[in-house]
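These notes are about the structure you will find just below.
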Protein chains: 2
Amino acid sequence: MKNKEKVTIYDISKRLNISAATVSRALNNNPKISEKTRKLVAKTAAEMNYKQNRLAQALKKGRTNNVGVIVPYINRSFFSSVIRGIEEELTPHGYHIIICQSHEEVANEAEQINALLNTQIDGIFMSVSKTTQTTEHIKKIQEEGTPLVFFDRKIDVPGVSSVVLDDYKAGYMATDHLIKEGCRRIAHLSGDINLEIYKNRFEGFKAALKDNEIEFNPAYVIQTSSKIESGIQAVEELWELEQKPDAIFSAGDYAALGAIQELKSRKINIPKDVCVVGFSNEPFTKYMELPITSMDQTPQMMGKIAAQVFLEQVKEDKTISVEKRVVLPPELFIRNSSNRKLINLENAV
Amino acid sequence: MKNKEKVTIYDISKRLNISAATVSRALNNNPKISEKTRKLVAKTAAEMNYKQNRLAQALKKGRTNNVGVIVPYINRSFFSSVIRGIEEELTPHGYHIIICQSHEEVANEAEQINALLNTQIDGIFMSVSKTTQTTEHIKKIQEEGTPLVFFDRKIDVPGVSSVVLDDYKAGYMATDHLIKEGCRRIAHLSGDINLEIYKNRFEGFKAALKDNEIEFNPAYVIQTSSKIESGIQAVEELWELEQKPDAIFSAGDYAALGAIQELKSRKINIPKDVCVVGFSNEPFTKYMELPITSMDQTPQMMGKIAAQVFLEQVKEDKTISVEKRVVLPPELFIRNSSNRKLINLENAV
DNA sequence: TTTAATTAAGTAATCGATTACAAAAAAAAT
DNA sequence: ATTTTTTTTGTAATCGATTACTTAATTAAA
């Protein structure tokens, strides 16, 4: 694998007997260069197979046209879709995306931030990990003057823009939907309350109960992790109760799936006896034999908007700090796991 | 957002009244620097909040410690898992990963390659798109002397290393499993035969039939795309036949899922009447009410090994071109969609 | 005590592109 | 024909770190 000598603007300038400055300007379509020279340089550059060294350019310009994205995990449908949204929006602007995973560890998160800052990225997008309680590592980003945009999972840091779902409303909508299906004893499989998103979903859940004059029962709230097993356990726990729930609103799809599996193995009919609603609209929810009702977070849209917020930020004067907070509306995809009307319809046939 | 002045080695050298060269050497733990100076520099650098400018370093050293990964789609479980494997292996070596998507378009692929080469990445990992028939854009990578490793989907380019699944064996195993379950009229939902992987799965399928003295019936082969609808259509087509199949080996999980949905809606019992095997071991296959038998491609392992191949390559003398071809063994996860013994067992209870 | 060997630090070029400033060439104005 | 203006190009510094080559300082050997 021979390392072909790299062609530089100096090689072009020697060949044409002009200065490297002229070559540089010609290649950048600087209007101060005559059309004749510009075309000649362009032609020669192509002939010599010249490739601009973006490192040198970045060093000089102070911009790399790279941005970093930090997510807990890359192989979650939600996050990869957000990333795709960011990419779609930023690629046309010449940006490249460096993806990092925190694996839900704040230590990794801090390390990734450091590495990204060292690589001189032009901006950072991030969804904080579950273990992120302090903000020092995040403030470092601000100190460097690097634009930062939180998406989905944010943490309160003054001056940082964010694009999130209206999780409160989502929790409200999901619960309200269950109530409209006739459920009254609604259990909630919550996520880690340390994360704003889960807290807000929980708050929305409570608000919907209150607005419908249903008493809130703390025994119906089980904290789960986003795992199937966690959902199974939750049902085991809930079905110990005197008054069993007639609905489950899970803050995550995996826990919802586990709950459904456990309910089925107990021969409980869904949605007749118990309605189930999940959260995230993971692809599998709609492929199930019993498709699961789930809350969509419009991840790709979230990514696109986060990218737009970033673009605005770099356009603006760096000395002015503007904090922009975008809140996206959730969308409920009602499927069989909570759709009693549909079942009645089928029975009617 | 004030852009704090960047601290350079010159600032440190001025502060300590030593040369920048000494600072650089001290920071790099060069043995020619006295312990005293080394410690002093380290302390001062920390105090001044010095951050190495990796651009300048990369420009000088000719290495960026960034690698590019090009995949058709990032939000496919298989690809994101491979990426995760690459990451796990490469992060300890100080590499960062730039992820690009081709969206199955060779034009995008070429563009991404160009962009990556311009950014001076130290290596490229890629899984070619379905539309990649020519290799010119790939040869560019070689011309630059940039290490390249194909994973999963490769295309024949002399001198390029690859890490792939033994798709032939996988096809053979899947088919053999179906035969062992008593199936004789096995249909194959193949993928795009232009891709080696699908061709090999198909060949393995045929070989297993032959070895078991089952005649190959071309009517039982339907080309599908990796979509649910495609699987539904395939079953519709197959069930037009006089002799309906008693098994389906799909080269993709999504088509398998579609097939199962269609079979169920036709009240065909799985696995009693028809056994179904998918491919890729997508997460949803095991979460289904009727879990789907599927071939696992050990994606994370694939990523790790691809990374190791890359690391070997950069270690070696660049003037020697070594082509390494790794073939990984597939693993069949037998689940209810093709497990008749399990069903008999259940009935026996 | 002088010389040789070793260690530590400095000088300056380099990586490749950009750009402020200067200079030359061409065109326009007097 | 000369001066002014405009256009085009060149010179050289710069971004920040690395490193070949020297030089200075220290230690060991004669």
Side-chain angles (χ1 to χ4, degrees), chain A residues 3-42 44-45 48-66 94 117-122 144-145, chain B residues 3-42 44-45 48-66 94 117-122 144-145:
Chain A
N3 227 322
K4 209 179 181 183
E5 277 82 46
K6 297 266 159 69
V7 180
T8 74
I9 51 170
Y10 295 95
D11 299 320
I12 300 177
S13 77
K14 261 181 229 148
R15 167 91 82 97
L16 295 179
N17 250 316
I18 57 179
S19 78
T22 303
V23 175
S24 170
R25 282 191 272 248
L27 291 170
N28 286 308
N29 293 321
N30 187 314
K32 297 202 162 184
I33 294 297
S34 71
E35 190 59 17
K36 206 179 73 182
T37 329
R38 207 185 57 70
K39 277 193 175 153
L40 181 64
V41 169
T44 316
M48 297 176 77
N49 194 26
Y50 166 79
K51 292 245 173 57
Q52 188 198 47
N53 184 322
R54 285 190 58 217
L55 287 179
Q57 188 192 38
L59 177 61
K60 191 80 230 297
K61 285 201 168 176
R63 298 188 309 113
T64 54
N65 268 48
N66 286 137
L117 292 178
N118 280 345
T119 334
Q120 313 266 105
I121 35 69
D122 294 349
E144 296 279 328
Chain B
N3 229 323
K4 210 180 182 183
E5 275 83 45
K6 296 266 159 67
V7 181
T8 72
I9 52 170
Y10 295 97
D11 299 320
I12 300 177
S13 78
K14 260 179 230 151
R15 168 91 81 98
L16 295 178
N17 247 320
I18 56 180
S19 78
T22 303
V23 175
S24 170
R25 282 190 273 249
L27 291 171
N28 287 308
N29 293 320
N30 186 314
K32 298 206 162 182
I33 294 295
S34 72
E35 190 59 18
K36 207 181 71 182
T37 328
R38 207 185 56 71
K39 278 192 175 155
L40 180 66
V41 170
T44 316
M48 297 177 76
N49 192 26
Y50 166 78
K51 290 246 173 58
Q52 189 200 46
N53 184 322
R54 286 191 58 220
L55 285 180
Q57 189 192 37
L59 177 59
K60 191 80 229 300
K61 287 200 166 175
R63 298 188 309 111
T64 53
N65 269 45
N66 286 137
L117 292 177
N118 280 346
T119 335
Q120 312 268 104
I121 35 71
D122 294 348
E144 296 279 326

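Everything numeric in this text was worked out from a predicted model, so none of it was measured. Naming: A, B, ... by sequence-line order, numbering from 1 per chain.
The CG-P distance, from B:Leu16 to C:dA9, rounds to 12 Å in whole Å. When the P atom of D:dA24 is taken as reference, atom CD1 of B:Ile18 falls 18 Å away, rounded to whole Å. Residue A:Leu40 contributes atom CG, which lies 10 Å from atom P of D:dT9 at whole-angstrom precision. Between the C1' atom of C:dA17 and the CD1 atom of A:Ile12 lies a distance of 12 Å, rounded to the nearest Å. Distance, A:Asp11 CG to C:dC15 C1': 13 Å, rounded to whole Å. Rounded to a whole Å, the CZ atom of A:Arg54 is 13 Å from the P atom of C:dA17. As a whole-Å value, the separation of A:Lys39 NZ from D:dT8 C1' is 17 Å. Atom NZ in A:Lys51 sits roughly 12 Å away from atom P in C:dA17 (whole-Å rounding).
One distance of note links OG1 of A:Thr22 with CG of A:Asn30; it measures 10.0 Å at 0.5 Å rounding.
Set against D:dG16, D:dT9, D:dT19, the side chain of B:Thr8 has D:dG16 as its closest nucleotide. Listed candidates were C:dT18, D:dT9, C:dA12. Nearest to the side chain of A:Arg25 is D:dT9. With distances taken from any side-chain atom of B:Tyr10 to the nucleotides D:dT8, D:dT19, D:dA17, the minimum falls on D:dA17. Of the candidate nucleotides D:dC15, D:dT9, D:dT19, D:dT9 has the atom lying nearest to any side-chain atom of A:Thr22. In the set C:dA9, D:dG16, D:dT9, D:dT9 carries the atom at the smallest distance from any side-chain atom of A:Thr37. Listed nucleotides C:dG10, C:dT14, D:dT9 differ in distance to B:Ser19; the shortest reach to its side chain belongs to C:dG10. Side-chain proximity of B:Leu59 to C:dC15, D:dT18, D:dT9: nearest is C:dC15.
The shortest side-chain heavy-atom distance between A:Lys6 and B:Glu144 falls under the 4.5 Å cut-off. Between A:Asn65 and A:Arg54, the closest side-chain pair of non-hydrogen atoms falls below 4.5 Å.
Taking side-chain N and O atoms only, B:Asn28 has a distance below 4.0 Å to OP1 or OP2 of D:dT18. For D:dC15, neither phosphate oxygen OP1 nor OP2 lies less than 4.0 angstrom from any side-chain nitrogen or oxygen of B:Asn53. One finds no side-chain N or O of B:Ser24 lying less than 4.0 angstrom from the OP1 or OP2 phosphate oxygen of D:dG16. For A:Gln52, a side-chain nitrogen or oxygen approaches OP1 or OP2 of C:dT18 to under 4.0 Å.
For B:Lys60 and B:Lys32, each mapped to the nucleotide of DNA chain D holding its nearest heavy atom, the one lying further toward the 5' end belongs to B:Lys60. Take the nearest nucleotide of DNA chain C for B:Ser34 and for B:Ala56: the residue whose nucleotide is more 5' is B:Ser34.
Remark: side-chain polar atoms of B:Thr119 are not paired, donor with acceptor, to backbone N or O of B:Ile121 under 3.5 angstrom. Proximity of a side-chain donor or acceptor of A:Thr64 to a complementary backbone N or O of A:Gln120 within less than 3.5 Å is detected. Looking at B:Ser24, its side chain never comes within 3.5 Å of a backbone N or O of B:Ala20 through a donor-acceptor pair.
B:Lys36 comes within 4.0 angstrom of no nucleic acid atom, judged by non-hydrogen atoms across all strands.
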